Number of protein chains: 2
Amino acid sequence: MGKEPTGPREQRHSQLLRGVLDLCLLALIAERPRFGYEIVEALGESGLELVSEGSIYPLLARMERNGLADTYRAPSPSGGAPRKYYRPTEAGLAELEAGRTAWLVFRGAVDQALSAGTPKEDTPEEGR
Amino acid sequence: MGKEPTGPREQRHSQLLRGVLDLCLLALIAERPRFGYEIVEALGESGLELVSEGSIYPLLARMERNGLADTYRAPSPSGGAPRKYYRPTEAGLAELEAGRTAWLVFRGAVDQALSAGTPKEDTPEEGR
DNA sequence: CAGGAGTATCTTGCACCGCAAGGTAATGAG
DNA sequence: CTCATTACCTTGCGGTGCAAGATACTCCTG
């Protein structure tokens with residue numbers, strides 16, 4: 001077994017996350033205040049299982065530094081280090097809204113680009 | 001004249017393209033052989049207008065180096081430098097297929113993650 | 001008390017890649 | 001020749017996901 005430091009498959013996943021991971025975090029903490037450890041699990045349930053702590057803690061810190069989120073501490077009820085809960089600021093909510101729109105536009109563009117060169121396709125109307 | 005080198009809005013776009021741009025190129029050259037200059041325009045028609053030559057020429061070269069695409073030269077019929085046409089190899093087609101699947105999975109995961117914390121939404125189903 | 005396990009946060013350094021900016025080359029018109 | 005157009009290529013910067021490792025708090029066991 002060659003020791004492959006991040007194979008080519010999961011590498012694509014890392015690249016795909018760029019530009020969207022911060023929005024996912026904002027959406028999650030907009031639903032309700034959450035702490036880092038919890039967010040990793042929540043992302044896993046959405047299908048983003050490969051996201052690890054090394055990614056989100058720096059990202060959360062950056063969002064706080066940029067005024068997109070603020071935090072408060074609370075003791076852990078399950079025993080352990082105190083939790084640091086994040087919740088979006090007004091600027092964070094605005095960024096989330098803008099980001100959602102950007103994502104929808106981008107998603108449509110990629111879908112269309114990837115539909116080029118498909119072996120069997122009906123190429124439906126586009127004039128509507 | 002505020003010289004703003006890439007504002008925050010188009011910056012997100014750049015990050016979003018990562019992990020997907022190569023697939024878009026593969027899809028375009030899988031449809032038919034194309035040359036770089038043409039690809040920029042084709043991407044623009046898909047809604048990815050911000051993709052510039054500085055992005056795709058290095059990317060095309062990388063794909064050729066990695067055995068995902070091969071090339072041939074042909075003179076330009078409209079007067080100008082000779083064109084370099086790209087077309088996918090077998091490995092490139094396989095990569096494209098794998099990438100399309102990865103994109104669909106990722107797209108669904110992000111959609112689900114972003115649907116968290118939406119202000120007003122019906123949340124159609126979701127297990128009762 | 002000491003030690004270990006589980007929970008949770010934070011930091012460092014690397015590697016990847018899109019892109020602005022600038023350069024090269026070929027062709028045809030004036 | 002010079003200019004315009006078409007087309008390709010290269011350099012350097014900058015943002016960011018992530019593996020790996022360090023830190024800290026709490027509870028349990030002996």
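Because the structure is predicted, anything quoted here is derived from the model rather than measured. Every chain is numbered from 1, with letters handed out A, B, ... down the list of sequences.
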Cationic N near anionic O, under 4.0 Å, [X] to [Y]:
X        : Y        : value
B:Glu95  : A:Arg12  : yes
B:Lys84  : B:Glu64  : yes
A:Asp111 : B:Arg107 : yes
B:Glu38  : B:Arg32  : yes

Just the rounded figure in Å: distance from [atom2] of [N] to [atom1] of [X].
X       : N      : atom1 : atom2 : value
B:Leu43 : C:dC19 : CG    : C1'   : 14 Å
B:Gln15 : C:dC19 : CD    : P     : 9 Å
B:His13 : D:dG15 : NE2   : P     : 18 Å
A:Leu17 : D:dG17 : CG    : C1'   : 7 Å
A:Arg12 : C:dC16 : CZ    : C1'   : 13 Å
A:Asp22 : D:dG17 : CG    : C1'   : 12 Å
B:Gln11 : C:dA20 : CD    : P     : 11 Å
B:Asn66 : C:dC17 : CG    : P     : 9 Å

Contact nearer the 5' end of DNA chain D, comparing A:Leu59 with A:Ser78: A:Leu59
Options D:dG17, D:dA7, C:dT9, nucleotide nearest the side-chain atoms of A:Leu21: D:dG17
On the nucleotide [N], are OP1 or OP2 found under 4.0 Å from the side-chain N or O atoms that [X] carries?
X       : N      : value
B:Ser52 : C:dC19 : no
A:Ser55 : D:dG17 : no
B:Arg18 : C:dG18 : no
A:Tyr37 : C:dT7  : no

First of A:Glu38 and B:Pro58 reached from the 5' end of DNA chain C, by closest nucleotide: A:Glu38
Sugar-phosphate, base or nothing in reach of A:Ile56, heavy atoms under 4.0 Å: nothing
Sugar-phosphate, base or nothing in reach of B:Tyr85, heavy atoms under 4.0 Å: nothing
Worked check of side-chain contact (heavy atoms from CB on, under 4.5 Å) between A:Ser115 and B:Glu31: CA-CA 9 Å; A:Ser115 74; B:Glu31 190 175 28; over 6 Å; no
From CA spacing to verdict: side-chain contact (heavy atoms from CB on, under 4.5 Å), A:Leu25, A:Ile29: CA-CA 6 Å; A:Leu25 296 206; A:Ile29 65 178; 5.6 Å; no
Annotated protein contacts, base or backbone, on nucleotides 24-30 of chain C with a non-hydrogen cut-off under 4.0 Å, one of B, S, - each: -BBS---
Side-chain donor-acceptor pair present, A:Arg87, A:Tyr85, cut-off under 3.5 Å: no
